[in-house]
Novice: 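My questions will all concern the structure given below.
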Amino acid sequence: MSTTALNGLSRLPIVQAPMAGGASCPELAGAVCEAGALGFLAGGYKSAGGMYQEVKQVRRLTARPFGVNLFVPPGGPAADPAAVEVYRHQLAGEAAWYETPPGGTDDSRDDAYDAKLAILLEDPVPVVSFTFGCPAPEALASFARAGTYTIVTVTSAEEALAAEHAGADAVCVQGVEAGGHQGTHRDDPDEDGAPGTGLLALVTQVRESVGLPVVAAGGIMRGAQIAAVLAAGADAAQLGTAFLRCPESGAHPLHKQALTDPLFTRTALTRAFSGRPARGLVNRFMREHGPYAPAAYPEVHHLTAPLRKAAAAAGDTQGMALWAGQGHRLARELPAARLVEVLAAELGTALSELSRLSHRSTP
């Protein structure tokens, strides 16, 4: 076990997850970096120019290394237009309730991926991570030449092997406990309802399959859990939900409150909001529309975007996408720097206890 994060990118083996949709804003990333952990911006759902403006904001807030996450465009054919239209009609009641029509589905499917790659190669940042797939070997090689450390999100040992073969520097191993979108490289609706693989088992599977450094993600909320994944073979732990309640987080205030609201008793994976499996707090929208949502990302994301925005404006958490990991009830309302400090102290205590137990059991 090491208390130094991978590649010397930060003093602590703690990574703040890139959470698309506004939570992982420059203020949060900058504060996390200044506290000795690795902060991340979420490039997803932003224009290339919008992403670059946030990169420049972080540079004004910190001189320490930080990362930017990109969504790899979905491979294969576009979603079945008929299935998307059926779902549009399914949402008619939501449109009437919020007096807002669903969004269009003819938006670009690639999230300006190539333009973002070009910007990050022209003006490199220390770290770039990828979700929803593995970049082409040529892209990873270009980042290597630019001096950028690359991390590919994986949800299986097979995906980790693909990332290693493509030339990634590290993998972010995402357990089923994680909040937000599952970063699977291939979205297979036939696997909906499958239990998924828990983080500790997955870290071990990946560690025994590839030689790359491992960042462990999924349900981690306390320093003792960071110690657990380090003991399992990870080089660092990535936390998302744990940072949502920080004042620097760009998450909606209602989202922050919902994390510890007794009204929300559990999380589940759903396609209801985006067309791709993502874990969030179970609310009315998820219960009513999840069973009928097609495997159609990003079409469903664009379709529901105005409805989610209208629900937030109306103060209605039952219509919002409340992304959260399984440990959401453990979320603490602390400034980001203080949260990093507390996590580091908890980690130190846990490692000391493990060392004590180890010495006690030595003959």
Novice: Looking at Met19, is its backbone amide N or carbonyl O close enough to the side chain of Ser24 to form a donor-acceptor pair, meaning the two atoms are under 3.5 Å apart?
Specialist: yes

Novice: Taking atom types as modelled and ignoring hydrogens, do the side chains of Thr155 and Gln174 form a donor-acceptor contact shorter than 3.5 angstrom?
Specialist: no

Novice: Any heavy-atom pair between the side chains of Val152 and Leu212 that's under 4.5 Å?
Specialist: no

Novice: Heavy atoms only: give me the nearest Leu254-Gly315 pair and the separation to one decimal.
Specialist: CD1-CA, 3.4 Å

Novice: Could you list the residues that satisfy side-chain contact (heavy atoms from CB on, under 4.5 Å) with Ala29, not counting sequence neighbours?
Specialist: Gln16, Leu41, Val58

Novice: Atom CG of Leu347 and atom CZ of Arg222: how far apart are they, to the nearest 0.5 Å?
Specialist: 14.0 Å

Novice: Flag the pair Pro294 / Arg271 as yes when at least one side-chain heavy-atom distance between them is below 4.5 Å, and no otherwise.
Specialist: no

Novice: Is any side-chain heavy atom of His301 closer than 4.5 Å to a side-chain heavy atom of Arg308?
Specialist: yes

Novice: Which residues pass the salt bridge (charged side-chain N to carboxylate O under 4.0 Å, His left out) test with Glu54, not counting sequence neighbours?
Specialist: Lys46

Novice: Side chains of residues 97-104: which donor-acceptor partners sit under 3.5 Å, not counting sequence neighbours?
Specialist:
unit_1: Tyr98; atom_1: OH; unit_2: Arg284; atom_2: NH2; d: 3.3
unit_1: Tyr98; atom_1: OH; unit_2: Asp316; atom_2: OD2; d: 2.6
unit_1: Thr100; atom_1: OG1; unit_2: Tyr98; atom_2: O; d: 3.0

Novice: Using the rule that two of Ile, Leu, Val, Met, Phe, Trp, Tyr join whenever any of their side-chain heavy atoms come within less than 4.5 Å, decide whether Met320 and Leu307 are in one cluster.
Specialist: no

Novice: Within a reach of under 6.0 Å around CZ of Arg186, are more than 12 heavy atoms found that belong to other residues, nucleotides or ligands?
Specialist: no

Novice: Out of curiosity, Leu244 CG to Thr260 OG1, how far, rounded to the nearest 0.5 Å?
Specialist: 11.5 Å

Novice: Please check if Leu322 and Val300 belong to a single hydrophobic cluster, counting links between Ile, Leu, Val, Met, Phe, Trp and Tyr side chain heavy atoms closer than 4.5 Å.
Specialist: no

Novice: Search all heavy atoms of Arg332 against all heavy atoms of Met221 and return the closest pair with its distance.
Specialist: NH2-O, 3.4 Å

Novice: Are more than 12 heavy atoms, taken from residues, nucleotides or ligands other than Glu333, located less than 6.0 Å from that residue's CD atom?
Specialist: no

Novice: Please determine if Lys56 and Asp123 form a salt bridge, counting it only when a charged side-chain N lies under 4.0 Å from a carboxylate O.
Specialist: no

Novice: I'd like to know if the side chain of Glu164 and the backbone of Gly211 have a donor-acceptor N/O pair within less than 3.5 Å.
Specialist: yes

Novice: Under the 3.5 angstrom rule, does the side chain of Arg11 hit a backbone N or O of Ala35 as a donor-acceptor pair?
Specialist: yes

Novice: So does Arg245 get a backbone contact from the side chain of Ser249, meaning a donor-acceptor N/O pair under 3.5 Å?
Specialist: no

Novice: Leu121 and Val128: same hydrophobic cluster, using ILVMFWY side-chain contacts below 4.5 Å?
Specialist: yes

Novice: Do Glu159 side-chain atoms and Val154 backbone N/O form a donor-acceptor pair below 3.5 Å?
Specialist: no

Novice: With sequence neighbours excluded, tell me which residues meet side-chain contact (heavy atoms from CB on, under 4.5 Å) with Ala136.
Specialist: Glu138

Novice: When rounded to the nearest 0.5 angstrom, what distance separates CD in Gln257 from CZ in Phe264?
Specialist: 10.0 Å

Novice: Please report the shortest heavy-atom distance between Ala37 and Ser10, naming the atom on each side.
Specialist: C-CB, 3.6 Å

Novice: With Leu269, which residues qualify under side-chain contact (heavy atoms from CB on, under 4.5 Å), at least two apart?
Specialist: Val176, Gln182, Arg279

Novice: Identify the two heavy atoms, one from Ala162 and one from Cys134, that lie closest to each other, and give their separation to 0.1 Å.
Specialist: O-SG, 4.0 Å

Novice: Using the salt bridge (charged side-chain N to carboxylate O under 4.0 Å, His left out) rule, collect all pairs that involve residues 203-212, keeping only residues at least two apart or in two chains.
Specialist: Arg207-Asp235

Novice: If I take atom CD from residue Gln225 and atom CG from residue Leu199, how far apart are they, to the nearest 0.5 angstrom?
Specialist: 9.5 Å

Novice: What pairs of residues pass the ring pair (Phe, Tyr, Trp, His ring centres under 6.0 Å) test when at least one of them lies in residues 306-352, not counting sequence neighbours?
Specialist: His181-Trp323, Phe273-Trp323

Novice: Does one side chain, of Asn69 or Thr131, offer a donor that lies under 3.5 Å from an acceptor on the other?
Specialist: yes

Novice: Quick one: does Arg276's side chain get under 4.5 Å of Thr184's, heavy atoms only?
Specialist: yes

Novice: Between Leu91 and Tyr292, is there a shared hydrophobic cluster once you connect ILVMFWY residues whose side-chain heavy atoms come closer than 4.5 Å?
Specialist: no

Novice: Between Glu353 and Thr349, is any pair of side-chain heavy atoms under 4.5 Å apart?
Specialist: no

Novice: Counting C-beta onward and ignoring hydrogens, is there a side-chain heavy-atom pair between Leu120 and Leu70 closer than 4.5 Å?
Specialist: yes

Novice: So, using ring-ring contact (aromatic ring centres under 6.0 Å, His included) as the criterion, who are the partners of Phe40 when residues are at least two apart?
Specialist: none

Novice: Report yes or no: does Glu248 contribute a side-chain atom to a donor-acceptor pair with the main-chain N or O of Ala336 at less than 3.5 Å?
Specialist: yes

Novice: With a 4.5 Å cut-off on side-chain heavy atoms, are Val86 and His89 touching?
Specialist: no

Novice: I'd like to check the side-chain contact (heavy atoms from CB on, under 4.5 Å) partners of Asp169; sequence neighbours left out, ordered by chain and number.
Specialist: Tyr149, Thr150

Novice: Extract all donor-acceptor atom pairs below 3.5 Å that involve side chains of residues 75-85 and protein atoms in other chains or at least two apart in sequence.
Specialist:
unit_1: Asp80; atom_1: OD1; unit_2: Ala82; atom_2: N; d: 3.0
unit_1: Glu85; atom_1: OE2; unit_2: Arg88; atom_2: NE; d: 3.2

Novice: Share the residues that join Phe71 in a hydrophobic cluster, the rule being Ile, Leu, Val, Met, Phe, Trp or Tyr side chains under 4.5 Å apart at the heavy-atom level.
Specialist: Tyr45, Phe132, Tyr297

Novice: Once ring-ring contact (aromatic ring centres under 6.0 Å, His included) is applied, do any residues pair with His289, and if so which ones, sequence neighbours excluded?
Specialist: Phe285

